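Bear in mind that the values here come from a model prediction, so they are computed numbers and not experimental data. We name chains A, B, ... by the order of the sequence lines, and we start the count at 1 in each one. Only this structure's heavy atoms are used, side chains among them; waters, hydrogens and symmetry mates stay out.
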Amino acid sequence: MAKFLTNREENYSQWYNDLVIKADLAENSAVRGCMVIKPYGYAIWERIQAELDKKFKATGHVNAYFPLFIPKSFFSREASHVEGFAKECAVVTHYRLKNDHTGKGVIVDPEARLEEELIVRPTSETIIWNTYKNWIQSYRDLPILVNQWANVVRWEMRTRLFLRTAEFLWQEGHTAHATREEAVEEAEKMLNVYADFATNYMCIPVIKGRKSVNERFAGAEETLAIEALMQDGKALQAGTSHFLGQNFAKAFDVQFTNQEGKLDYVWATSWGVSTRLMGALIMAHSDNNGLVLPPRLAPIQVVIVPIYKGNDQLEKISELALKLKSDLENSGMTVKYDDRDTHKPGFKFADYELKGVPVRIAIGPRDIEQGTVEVARRDTLTKETIKTENVIAHIKNLLEDIHNNILQKATTFRKENTYYTDNWDEFRDIIENKGGFVMAHWDGSPETEELIKDETKATIRVIPFDSPDEEGKCIRTGRPSERRVLFARAY
RNA sequence: CGGGGUAUAGCGCAGUCCGGUUAGCGCAUCUGGUUUGGGACCAGAGGGCCGCAGGUUCGAAUCCUGCUACCCCGACCA
């Protein structure tokens, strides 16, 4: 089985690379660091978008679109923001090509230099706050709750499909508020939206918390994040939400008149998730047979494969298959009937397993005779024979079972790979040899975090919200600590 | 951006050291037939500017120079 995939236990990162390609999710393009997201991969992203978009709308947000290009001068307005992104910006300097005078090919027209260079957005805070300045005069104009679905570019040195690409797709929410409290509440609310989505749609349990100063977003006063644990024991940040304070309002002079008639700067948040979630989805659940997709995000939830000899059999089987398909669809499921005659059933079985389709129905002549179908589930790779009249209800329940099982499995895995330690040698041993989350005490200083990072490659993923107050000593320096924080090596 | 590796048919590779028939092999593709309850079999066929651009040579996949992309390891990051 799965003889085309690298074994997960032998070489996890090669397994991941193979899987992305073989499951037809994405491939590298002719442009360095930029991927082509293939139809099946994009279909999963569309499912992610659809569900998140619903949640954004349900929490009062609206979609809009801002430019891809940002004038260079905008970046220098917020000091730490420039510093954070300067090293990875693509810059547009010219607006025209012309024919090369030697005859072949085109060159950049040196006379078409832009007066002000444009930055391809690595994120949109600057252009958006420059715009919000015109939208906001009074407290009556607030809050502004805008999201945009867009692509952004960060010129990464080393890229991996979905996990880190030079161009990626994401959504970025940018909100403006009259009070600090309201903005803080918004940032927390959206983090909860992400956490809920990760858990209940992606079947990935996450730890919510604050980022340390070192890991904070450039320009934020506070960065909140959800962290997920991958099967190789590395952490992956699955969503971030920033409380931006008045930093961008001050940088772009966005003031409003409050109810007391006084001028004040606007309070801001921004929050986002990217196509990196695809990487999380793949790495959290999949196995040596291929993808394992959570039913709520699977583009195809049920596939029906006919097994037949000759057209007579196929006709009978198709009749039942099409009836089942339409009944399942009427019950809200997405179904594909694969009656291609160009591939054998065994090939199709393996192929849909590779692609992570949660449920497969096989119908052969024996089933027609006995009034049954064979139902196989992807997560456990088990099969059972079900009476045809029960199949709709059965599969509806089965999809729920699969959802719960995948989530349960991921939760158990995380539990088994979360360690508590107060001993530095043990800490190093866990990080180096076992991987996983390590809850340990930290003295709260950026210097100590940096030191631990240099020595172990582990960083503080988050300071968890639910980490209880607990007197202790810093794992590295022995200085006093008030609570445990979450350490791990990260993607 | 530093170190290492790779680039030959759609995919995976051999050939490159030591230049010399018509550049091979497996998978995939196409045609015909037999098949179909876990990645089918037999027979035949098609497919190549040897990554790109220069150079050396009577002659270059093979030697030299430059460029580009990908993979692995570091530094940086969602």
Could you measure between the two [atom1] atoms, the one in [N] and the one in [M], and give it in whole Å?
N: B/rU62; M: B/rU57; atom1: C1'; answer: 13 Å
N: B/rA61; M: B/rU16; atom1: C1'; answer: 7 Å
N: B/rA28; M: B/rC70; atom1: P; answer: 29 Å
N: B/rG44; M: B/rC25; atom1: P; answer: 14 Å
N: B/rU21; M: B/rU6; atom1: P; answer: 25 Å
N: B/rC17; M: B/rC63; atom1: P; answer: 5 Å
N: B/rA75; M: B/rG15; atom1: P; answer: 35 Å
N: B/rC71; M: B/rG24; atom1: P; answer: 32 Å

Using purine N1 to pyrimidine N3 plus N6-O4 or O6-N4 for Watson-Crick, or N1-O2 and O6-N3 for G-U wobble, each under 3.5 Å, what pairs with [N]?
N: B/rC58; answer: B/rG20
N: B/rG2; answer: B/rC73
N: B/rA9; answer: none
N: B/rG48; answer: none
N: B/rG39; answer: none
N: B/rA14; answer: none

Is there a donor on the side chain of A/Lys383 or the base of B/rG37 sitting less than 3.5 Å from an acceptor on the other? no
Counting side-chain heavy atoms from CB outward, which of [options] is closest to [X]?
X: A/Lys344; options: B/rG38, B/rC77, B/rG37; value: B/rG37
X: A/Ser13; options: B/rU36, B/rC72, B/rG39; value: B/rC72
X: A/Glu156; options: B/rU36, B/rG74, B/rC77; value: B/rC77
X: A/Ile307; options: B/rU36, B/rG39, B/rC72; value: B/rU36
X: A/Asp341; options: B/rC71, B/rU36, B/rA75; value: B/rU36
X: A/Asn28; options: B/rC70, B/rU36, B/rC77; value: B/rC70

Could you tell me whether the side chains of A/Asp401 and A/Asn405 share a donor-acceptor contact shorter than 3.5 Å? no
Polar side-chain atom of A/Tyr352 near backbone of A/Arg360 as donor-acceptor pair, under 3.5 Å: no
Begin with the C-alpha distance, continue with both residues' side-chain angles, and end with the deciding distance and a verdict on side chain to side chain contact (heavy atoms under 4.5 Å, CB included) for A/Glu215 and A/Ile460. CA-CA 8 Å; A/Glu215 299 280 323; A/Ile460 297 171; 5.6 Å; no
Which residues share a side-chain contact (heavy atoms from CB on, under 4.5 Å) with A/Pro122, sequence neighbours left out: A/Phe75, A/Phe85, A/Cys89, A/Ile119, A/Arg154
Regarding [X], tell me which of base, sugar-phosphate or nothing describes its non-hydrogen contacts under 4.0 Å with the strands shown.
X: A/Pro306; result: nothing
X: A/Glu374; result: base
X: A/Thr165; result: base
X: A/Phe168; result: base
X: A/Leu236; result: nothing
X: A/Arg340; result: nothing
X: A/Gly33; result: sugar-phosphate

Assuming nearest nucleotide by heavy-atom distance, tell me which of A/Thr240 and A/Gly364 is located more 5' along RNA chain B. A/Gly364
Please figure out whether A/Arg461 or A/Asp351 has its closest RNA chain B nucleotide nearer the 5' end. A/Asp351
According to a strict under-4.0 Å criterion, is [X] in side-chain N/O contact with OP1 or OP2 of [N]?
X: A/Lys457; N: B/rG74; result: yes
X: A/Asn17; N: B/rC70; result: no
X: A/Arg158; N: B/rC71; result: no

Take the protein atom [atom1] of [X] and the nucleotide atom [atom2] of [N], then report the distance between them rounded to whole Å.
X: A/Gln313; N: B/rU35; atom1: CD; atom2: C1'; result: 13 Å
X: A/Arg164; N: B/rC71; atom1: CZ; atom2: P; result: 13 Å
X: A/Gln14; N: B/rC71; atom1: CD; atom2: C1'; result: 8 Å
X: A/Glu88; N: B/rA75; atom1: CD; atom2: C1'; result: 14 Å
X: A/Glu215; N: B/rC77; atom1: CD; atom2: P; result: 8 Å
X: A/Asn214; N: B/rC76; atom1: CG; atom2: C1'; result: 14 Å
X: A/His343; N: B/rG37; atom1: NE2; atom2: P; result: 15 Å
X: A/Glu353; N: B/rG37; atom1: CD; atom2: C1'; result: 14 Å

Please determine whether the number of non-hydrogen atoms from other residues, nucleotides or ligands lying under 6.0 Å from atom NZ of A/Lys72 exceeds 12. no
CH2/A/Trp155: more than 12 non-hydrogen atoms of other groups inside 6.0 Å: no
In terms of ring plane angle, is the pair A/Trp129 and A/Tyr132 parallel, tilted or perpendicular, where the classes change at 30° and 60°? perpendicular
The reported gap from CD in A/Glu455 to CZ in A/Phe427 (rounded to nearest 0.5 angstrom) is 10.0 Å
Report the C-alpha separation of A/Val273 and A/Gln171 in whole Å, then their side-chain angles, then the decisive distance to 0.1 Å, and conclude whether the side chain to side chain contact (heavy atoms under 4.5 Å, CB included) test is met. CA-CA 6 Å; A/Val273 301; A/Gln171 58 68 218; 3.5 Å; yes
